[in-house]
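Only one structure is covered here, and it is reproduced in the block below.
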Amino acid sequence: MVEDGGARPGDRVLDVGCGTGYLTWLMADTVTATGSALGVDPSPDVLAHARRRAAGRPNCTFEDGIAERLDAPEGTYDVVVTSLMVHHLPEEARERAAAEMFRVLRPGGRVLVADFRPPGNPAARHLVGAITGPVMETNPVHLIEPLVRGAGFTATTAGDLHPWIHYVTGTKP
Ligand SMILES: C[S@@+](CC[C@H](N)C(=O)[O-])C[C@H]1O[C@@H](n2cnc3c(N)ncnc32)[C@H](O)[C@@H]1O
């Protein structure tokens, strides 16, 4: 995901729905001390954990925030990433979140949206559903690319990562 996000040293990166922040600090390492990575999440508990884990990385910070209303001016970031977050949003909030990611990126900036891809094997899929709930069993990851395109991103690419991640990248024209 870090590679597919396309961040470079010096970039400003936003991780939306960062959870415990593992992707945020990997992005912080990628952009080096001349860049920065900010993770936002509405859960104080995961933010506290993320801050502890990122101790010693001054370019990696965390803030309270929600995908549907990002607290940043237009064009602030070079790269926006979001991992395993979209399925948490009610369907009607997904377009709003994608529009916000578009807004806070600079022209030429890149987005990466990754989410859980249900296993192809029906038995494994059913097991996932039994353990995690029906959303994960049927998570419609094929709708991510149209969502990203609908927000205005171009040059989209999509792919699968082992074992169960589907991702889409796009560029803000
Ligand atoms: C499954 S976790 C994924 C965390 C992390 N991105 C990862 O890949 O491990 C989903 C996260 O999305 C956050 N979340 C839920 N609703 C959100 C919203 N409206 N805006 C931003 N984040 C949200 C949750 O608090 C949770 O930390």
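All values below were derived from every heavy atom in this structure, side-chain atoms included, with hydrogens, water molecules and symmetry-related copies excluded. The chain is numbered in sequence order, starting from 1. As the structure lists them, so they are numbered: ligands from 1, and atoms in each ligand from 1.
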Starting from [atom], find the nearest protein heavy-atom neighbour and note its residue, name and distance.
atom	result
atom 9 (O) of ligand 1	Tyr22 CE2, 3.1 Å
atom 15 (C) of ligand 1	His88 CB, 3.7 Å
atom 20 (N) of ligand 1	Ala67 N, 2.9 Å
atom 19 (N) of ligand 1	Glu68 OE1, 2.9 Å
atom 23 (C) of ligand 1	Pro42 CD, 3.4 Å

Are any of the N/O atoms on Met85, whether in the backbone or the side chain, positioned under 3.5 angstrom from an N/O atom of ligand 1? no

Per atom 27 (O) of ligand 1, closest listed option by heavy atom (Asp41, Val46, Leu84, Asp64): Asp41

Judged on heavy-atom distance to atom 3 (C) of ligand 1, which of Ser83, Gly21, Ser43 sits nearest? Ser83

Tell me which donor-acceptor pairs under 3.5 Å the side chains of residues 158-168 have, and how far apart each pair is, sequence neighbours excluded?
residue, atom, partner, partner atom, Å
Asp160, OD1, Arg117, NE, 3.3
Asp160, OD1, His166, ND1, 2.7
His166, ND1, Gly159, O, 3.3

Charged N-O contact under 4.0 Å between Arg57 and Asp29: yes

Salt bridge present between Arg94 and Glu91 (N-O < 4.0 angstrom): no

At under 4.0 Å between heavy atoms, which part of Leu89 makes contact with ligand 1: side chain, backbone, both or neither? side chain

Under 4.0 Å, heavy-atom basis, I'd like to know which part of Cys18 is in contact with ligand 1: side chain, backbone, both or neither. backbone

Counting only heavy atoms from other residues, nucleotides and ligands, does the tally under 6.0 Å from CZ of Arg8 exceed 12? no

Please table the atom pairs, donor to acceptor, closer than 3.5 Å between any side-chain atom in residues 62-74 and protein atoms at least two apart or in another chain.
none

Student check: side-chain heavy atoms of Val81 and Val16 closer than 4.5 Å: no

Can you check whether Val141's main-chain N or O pairs, donor with acceptor, with Asn139's side chain at less than 3.5 Å? no

